[in-house]
Protein chains: 2
Amino acid sequence: MSFDDQLPPKIRLLRAAAELLANSEGSAVSTRQITKLAGVTAPTLYHHFGDKEGLFDAVVSAGFEEYVAGERDFAPSGEPLEDVRRMWDNHVQFGLTQPHLYLVMFGNIRPESRPAIVADAEALLEEMLNKAAIAGQINVPPREAARSILAANVGVTLMLIAEPVEERNLELSTMTRDSMIFAVSTETARGAAADDSGKSSVVVAAIALNAALQASHSDQLSSSELKLFLEWLHRISSSS
Amino acid sequence: MSFDDQLPPKIRLLRAAAELLANSEGSAVSTRQITKLAGVTAPTLYHHFGDKEGLFDAVVSAGFEEYVAGERDFAPSGEPLEDVRRMWDNHVQFGLTQPHLYLVMFGNIRPESRPAIVADAEALLEEMLNKAAIAGQINVPPREAARSILAANVGVTLMLIAEPVEERNLELSTMTRDSMIFAVSTETARGAAADDSGKSSVVVAAIALNAALQASHSDQLSSSELKLFLEWLHRISSSS
DNA sequence: TAGCACCTATAGCGTTGCTATATGAAGTGG
DNA sequence: CCACTTCATATAGCAACGCTATAGGTGCTA
């Protein structure tokens, strides 16, 4: 019944919930199962976690630490987009090795209530994409790119989880991954910024933007705005 | 209470379930609600549909007809990939206008049991992509392309459903859609992009500069200047 | 020792999906 | 016309669910 009588109930609840979530094959996990395995009664659960979802969120946070650790642990390769690729793979891997945990984290969709985890995963991706943006490697704002890539990543992972194990084809993942990354990347040498992507900085980007703006009159700013904008740009680009 | 006393109970149950699914805002739909609205008692439901999921499946079959009708109805434009684009949009639209029905169809993920609907939707997409393949417009086998695109499509739709209505940004959809379609297509849209490479490089440079500025707090501009500068930058970088 | 905050248990509420059993209606063969 | 089966619906209730009002126990500080 109760396992680990030494530990405080809060932790026993967390472990029991995690264990049941990991081992439950398909069927749902009830609070009674959890409290019984933890050797605790119902009110204890609600005292510590508010409600069932609160407990699951807490379990997920722990699982998410693991997930994030996987996302962060590998040393940055210096190639941000390569790192994004690895984050994608890590995401899928996490979903396939811990499908039930993953489903609680990402699969528990209801209208107008998105899992707290999604925002975190999005932030992680955005952070990495920001590096790519600084290096002039993407042609979309990092936030939008992150949202888009994450949506596809989740979609692929859910698809793979839903498939029978023997039919799972990871090529679905790699293909979709590369499609998404390629689509937001400047990889195929489009602009000046992409040329000196290696040594990018505020200055390089400013110079590139300066050149690009003067080459093609953007109609996003009025002429007076543009004048001031260019002056600031000049100030920034001549700062080194 | 009971609505439509004339019709046979089986149909009343279907209609009641469909109506409740469509109107229930967030919360789950219980068999008691359904049977009450249908003016029928519980055993009737189980006699006709086996269990709750059987009833939902039946409702979904009907909803799916509607969905498929939407997918098929527009005349082929002669541009298969354009049709794929419309199928994507139709898919998202269906998900957003009937979120609960959609969640029953696509969101009810459990390990190794995929909703029957997914296979049908995949087949529909594949059919269209096959036309594109015949026209030499894609560089990936239609089946794999369909799976990949559908996964992203579902992921995006689930993301959008999970977001608060006022925050929903359909650009997430169009962006992901175009990324996926472009990635499988042989169309050299990148070359086409090079035509207005001036604007395009402005956007790239602006995105890079934006990211770089926020990463390294440049002291070349005062905070008020920087604020305005960033706003202009945003305006430029979010111009299509 | 008194008081207080924190933690846990007893017991039970209301709701859920589902069913054992019985009743009514409709057709069929003698 | 009457049994007899078959189908469809209702009565009543079970076990499990998430959750909670209330109270008792525990350890700390005054």
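In what follows, chains are A, B, ... by sequence order, proteins preceding strands, each numbered from 1.
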Can you check the A/H47 NE2 to C/dA5 C1' distance for me, whole Å?
-> 10 Å
Quick one: A/R32 CZ to C/dT16 C1', roughly how many Å, whole number?
-> 12 Å
Between B/Y102 and B/H91, does the ring centre distance come in under 6.0 Å?
-> yes
Side chain of B/P9 (C-beta onward), nearest among C/dC18, C/dT10, D/dT9 | D/dT9
Give a yes/no on whether any side-chain N or O of A/T44 is located under 4.0 angstrom from OP1 or OP2 of C/dA9.
-> yes
Report the distance from atom OH of B/Y46 to atom P of D/dC7, rounded to the nearest whole Å.
-> 22 Å
Which nucleotide in D/dG18, D/dA10, D/dT20 has an atom nearest any side-chain atom of A/K52 = D/dG18
Do the side chain of B/T97 and the main chain of B/Q93 share a donor and acceptor less than 3.5 angstrom apart?
-> yes
Heavy-atom nearest nucleotide on DNA chain D taken for A/P43 and for A/S30; more 5' hit belongs to A/S30
Ionic contact status for A/R86 with A/D83, cut-off 4.0 Å | yes
In whole angstroms, the gap separating C1' of C/dA9 from CG of A/L45 amounts to 14 Å
Over how many whole Å does the gap from B/I11 atom CD1 to D/dA8 atom P extend?
-> 13 Å
Separation of A/K10 atom NZ from C/dC7 atom C1', in whole Å?
-> 12 Å
Using a strict cut-off of less than 4.0 Å between a Lys/Arg side-chain nitrogen and an Asp/Glu carboxylate oxygen, indicate whether A/R85 and A/E82 qualify as a salt bridge.
-> yes
Nearest-Å distance, CZ (A/R12) to C1' (C/dC7)?
-> 12 Å
Tell me: CD of A/E53 to C1' of D/dG18, nearest whole Å?
-> 12 Å
